[in-house]
Protein chains: 2
Amino acid sequence: MNADSSSSHPPIEQELLECPVNYTLKLIGGRWKTIILWQLHQGPKRFGDFKRAINGISERILAKQLKELEADDLINKVLYAEVPPRSEYSLTPLGQSLEPVLKSIFQWGIRYGPYFVDKPVSSATSSGGDRPAANREVNTTKEKKRV
Amino acid sequence: MNADSSSSHPPIEQELLECPVNYTLKLIGGRWKTIILWQLHQGPKRFGDFKRAINGISERILAKQLKELEADDLINKVLYAEVPPRSEYSLTPLGQSLEPVLKSIFQWGIRYGPYFVDKPVSSATSSGGDRPAANREVNTTKEKKRV
DNA sequence: CAGCATCCTTTAGGATACTG
DNA sequence: CAGTATCCTAAAGGATGCTG
């Protein structure tokens, strides 16, 4: 079966439903979804806006993620039947309600990820708060504790 | 409505802003990772504990996700060289620091997901109010707005 | 018990040509 | 302009047998 052309994605499994965390993650976990939501938080956007603003996204994926977000009631879409056509995407109230969540995730990333944001002065060693800089592609050689 | 899409906003900032979110999501985005982290939040656990506690996870995936979490410094692992062997997983400080994030995600899921937590009385439970109950499996007959 | 190794299925994501 | 259709790659996830 090909679910690709379906307007929404497959049903959420029971296990996922039992975990609110996974439920939320399912909605915003797409590769570009948080970016889309973030952009929409600054105001309505058109399809082409995303295409231009999000570097590296393909049209198919953009359309797909927008569709999923819409199916999940996180964003609204209005298609003006003009010629040439014009679309307008905006956040639903539900989508807006995600803001604190995204912010929380964002803050953690800033704080513990490889971003030097709170490093205003002190050109010396930044090691005070050196982070592991999670690197999964290159697995940091890490000795295993054995007892 | 609005004429131009370039709107009020420099693109640079957006790019910077989205990254930390995806970074965080990368670390906790695994199918079972948040469950693992959640369980560890209640105390150290062994490999078999997870196997038993998490319904439906395969050993390979469990081992894999544990390994990734460990590589990302979110959890610690101690392998006691006894016979039979015994393992003990626990949260690192970094892993513990995720608690507010997970909580935030969790709360949103509870509040807006398909969980019927009808708060009976309580006048004001934090902020906001209503909940649309997102439904993904049955694509609610949702007509497209056309203008 | 802990957890690799091997094999396989499913899903996400992508490039590109084309249409109303 | 706003998408679909078609085809493809990569990565995530899974079942199961085996070993120290």
Side-chain angles (χ1 to χ4, degrees), chain A residues 1-13 15-16 22 25-36 44-70 75-89 136-137 139 144-147, chain B residues 3-5 22 25-36 44-71 75 77-89 136 144-147:
Chain A
M1 285 259 211
N2 189 357
D4 210 56
S5 43
S6 157
S7 52
S8 178
H9 27 210
I12 301 183
E13 300 159 45
E15 304 142 7
L16 247 59
N22 278 347
L25 253 27
K26 199 78 183 168
L27 301 198
I28 64 173
R31 173 81 174 72
W32 308 97
K33 285 189 183 173
T34 56
I35 302 179
I36 292 171
K45 295 234 183 279
R46 298 167 57 170
F47 190 86
D49 291 335
F50 290 120
K51 229 167 55 174
R52 254 170 283 115
I54 306 178
N55 209 331
I57 193 171
S58 75
E59 292 188 7
R60 194 186 79 92
I61 297 305
L62 174 56
K64 208 177 156 199
Q65 308 238 325
L66 284 171
K67 215 166 231 183
E68 289 179 3
L69 288 168
E70 190 195 0
I75 68 175
N76 276 321
K77 164 178 152 189
V78 183
L79 214 223
Y80 296 90
E82 311 167 346
V83 59
R86 182 162 57 96
S87 66
E88 189 176 274
Y89 292 90
R136 224 179 296 92
E137 293 128 56
N139 204 348
K144 305 206 174 231
K145 282 174 226 144
R146 282 190 163 260
V147 187
Chain B
D4 193 2
S5 42
N22 278 347
L25 253 26
K26 199 82 182 163
L27 300 199
I28 64 174
R31 175 80 172 73
W32 309 97
K33 285 189 183 173
T34 56
I35 301 180
I36 293 172
K45 294 234 184 282
R46 299 168 55 171
F47 190 86
D49 290 336
F50 290 119
K51 228 166 57 174
R52 254 170 283 114
I54 306 178
N55 209 332
I57 193 172
S58 75
E59 293 188 6
R60 195 186 80 92
I61 296 304
L62 175 56
K64 208 176 156 201
Q65 309 239 323
L66 285 170
K67 214 165 230 181
E68 290 180 3
L69 287 169
E70 190 195 359
I75 68 175
K77 164 178 153 188
V78 182
L79 214 225
Y80 296 90
E82 310 168 345
V83 139
R86 182 162 57 95
S87 67
E88 189 177 274
Y89 293 90
R136 195 99 107 321
K144 304 201 174 237
K145 282 172 230 143
R146 281 188 163 261
V147 187

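Below, chain A is the first sequence line, B the second, and so on; all start at residue 1.
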Looking at [X] and [Y], what are the two nearest heavy atoms and their distance?
| X | Y | result |
| --- | --- | --- |
| A/Leu25 | B/Ile28 | CD2-O, 4.0 Å |
| B/Ser87 | B/Phe47 | OG-N, 3.1 Å |
| B/Trp32 | B/Gln65 | N-OE1, 3.1 Å |
| B/Leu27 | B/Leu69 | O-CD2, 4.1 Å |
| A/Leu66 | A/Ile75 | O-CD1, 3.5 Å |

How many whole angstroms separate atom [atom1] of [X] from atom [atom2] of [N]?
| X | N | atom1 | atom2 | answer |
| --- | --- | --- | --- | --- |
| A/Arg46 | D/dA2 | CZ | C1' | 9 Å |
| B/Glu70 | C/dG3 | CD | C1' | 13 Å |
| A/Lys45 | D/dA2 | NZ | C1' | 17 Å |
| A/Leu62 | C/dG13 | CG | P | 13 Å |
| A/Leu69 | D/dG3 | CG | P | 13 Å |
| A/Ile61 | C/dG13 | CD1 | C1' | 4 Å |
| B/Phe50 | C/dC1 | CZ | C1' | 15 Å |
| A/Ile36 | D/dG3 | CD1 | P | 12 Å |

Mind checking side-chain hydrogen bond (donor to acceptor under 3.5 Å, both in side chains) for [X] and listing every partner two or more places apart, or none if nothing turns up?
| X | value |
| --- | --- |
| B/Arg86 | B/Glu82 |
| B/Glu59 | B/Lys51 |
| B/Glu88 | none |
| B/Thr34 | A/Asn22 |

Looking only at side-chain atoms of [X], point me to the closest of [options].
| X | options | result |
| --- | --- | --- |
| A/Lys26 | D/dA2, C/dG3, C/dA12 | C/dA12 |
| B/Lys67 | C/dC4, D/dA2, C/dA2 | C/dC4 |
| B/Arg31 | D/dG14, C/dA2, D/dA2 | D/dG14 |

Short side-chain N/O contact to [N] OP1/OP2 from [X], under 4.0 Å:
| X | N | answer |
| --- | --- | --- |
| B/Lys77 | C/dG3 | yes |
| A/Trp32 | C/dG14 | yes |
| B/Arg86 | C/dA2 | no |

### Query
Looking for any heavy atom pair under 4.0 Å, which part of the strands does A/Gln65 touch: base, sugar-phosphate only, or nothing?
sugar-phosphate

### Task
Have a look at A/Tyr89 and say if it touches a base, only the backbone sugar-phosphate, or nothing, with a 4.0 Å heavy-atom cut-off.
sugar-phosphate

### Query
What does nucleotides 15-20 of chain C look like as a protein-contact string, B for base, S for sugar-phosphate only, - for none, at under 4.0 angstrom between heavy atoms?
B-B--B

### Query
To the nearest 10 degrees, what angle separates the axes at the start and end of the helix from C/dC1-D/dG20 to C/dG20-D/dC1, five pairs each?
50°

### Query
Hey, mind stepping through A/Tyr89 and A/Asp49 against side chain to side chain contact (heavy atoms under 4.5 Å, CB included) and telling me if it holds?
CA-CA 10 Å; A/Tyr89 292 90; A/Asp49 291 335; over 6 Å; no

